[in-house]
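Below is one structure; the comments refer to it alone.
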Amino acid sequence: MSAGKLSPDDLKALIRTVPDFPKPGIQFRDITTLIGHGEGLPATINLLSERAEAAGAQKIAGMEARGFIFGAAVAANLGVGFVPVRKPGKLPVETIGVDYALEYGTDRLEMDPSSISQGETVVMVDDLIATGGTALAAAKLLRSAGAALQHAVFVIDLPDLGGAAKLRADGLSVDILMEFEGE
Ligand code: AMP
């Protein structure tokens, strides 16, 4: 099989599902088996890149940590820069940040505001959208840095959790490669 010939359904078959991780009731959709596959990885990157290119990406933003794997590869594929949206305390310069609610407690994302020019078309890339909390927070942060952010691309959507619908309600168009039922 060549990379170009793997369909999203073929790629879905390369995702490993681990039940009850990290806690009972969660079906963990593990991309380790997808990115460890010599044809699956480039096919995934090519499909994500097509969508990001169609959205006019001038820069790709990805969320730590799995968004770095896909986002940086898409950026390199398109010949545009990559913006890491980081967990707190990792960047060595003055950052801007956003706090967001988790099921228990809060979390925070940070970025270097100088990594985006005002009005630059940024496309957000991540591995999976579940509740959408992380992606909504990242979108707020990127917009506050001046990004023209209208598009987000994910490998996996868990539609039962409603994250993609929330992003669409926030004015983003959302592309995904595959869906899994449940949480
Ligand atoms: P959320 O903020 O709820 O949309 O979840 C964001 C992140 O949590 C995703 O980018 C995934 O990395 C991770 N995640 C959430 N649910 C799952 C799941 N069922 N399987 C694998 N990763 C998950």
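Ligands are counted one by one from 1 in listed order, and the atoms in each one are counted from 1 as well. In this text the structure is predicted, and so the values were computed from the model without any measurement.
Electrostatic pairing of Arg66 and Asp30 does not count as a salt bridge here, judged by no charged N lying under 4.0 Å from a carboxylate O. We find that Arg108 and Glu110 are joined by a salt bridge, their nearest charged nitrogen and carboxylate oxygen being less than 4.0 Å apart.
In this structure, Lys59 is not positioned above the aromatic face of Phe82 in the sense of NZ or CZ being under 6.0 Å from the six-membered ring centre and within 45° of the axis.
For the pair Ile26 and Asp20, the minimum side-chain heavy-atom distance is 4.5 Å or more. A 4.5 Å side-chain heavy-atom check between Asp175 and His151 finds at least one atom pair inside the cut-off.
For Leu128, a nitrogen or oxygen atom sits less than 3.5 Å from a nitrogen or oxygen atom of ligand 1, counting backbone and side chain alike. At least one N or O atom of Gly132 sits closer than 3.5 Å to an N or O atom of ligand 1. Residue Leu158 places no N or O, backbone or side chain, under 3.5 Å from any N or O of ligand 1.
The protein heavy-atom contact nearest to atom 20 (N) of ligand 1 is Arg29 N, 2.9 Å. Closest protein heavy atom to atom 5 (O) of ligand 1: Ala130 CB, 3.7 Å. Ranking the protein heavy atoms by distance from atom 19 (N) of ligand 1 puts Gln27 O, 3.1 Å first.
For Thr131, heavy-atom contacts with ligand 1 shorter than 4.0 Å involve the backbone as well as the side chain. Contacts between Arg66 and ligand 1 below 4.0 angstrom, taking non-hydrogen atoms only, involve the side chain exclusively. At a heavy-atom cutoff of 4.0 Å, ligand 1 is contacted by no atom of Leu161, backbone or side chain.
In this structure, the side chain of Arg86 does not engage the main chain of Leu91 through any donor-acceptor pair within 3.5 Å. Judged by distance alone, with hydrogens and angles left aside, the side-chain atoms of Asp160 form no donor-acceptor pair with the main-chain N or O of Glu181 at under 3.5 Å.
At a cut-off of 3.5 Å, with distance as the only test, a side-chain donor of Thr17 or Arg29 sits close to an acceptor on the other residue.
In the hydrophobic clustering of ILVMFWY residues, with side-chain heavy atoms under 4.5 Å counting as a link, Val85 and Leu128 come out apart.
Judged by the shortest distance from any of its heavy atoms, Gly163 lies outside the 4.0 Å radius around the atoms of ligand 1.
For atom 3 (O) of ligand 1, the nearest protein heavy atom lies under 4.0 Å away.
Scanning Thr134, Leu102, Ile31 for the heavy atom closest to atom 7 (C) of ligand 1 points to Thr134. Nearest to atom 11 (C) of ligand 1 by heavy-atom distance, out of Ile129, Val155, Ile15, Asp127, is Asp127.
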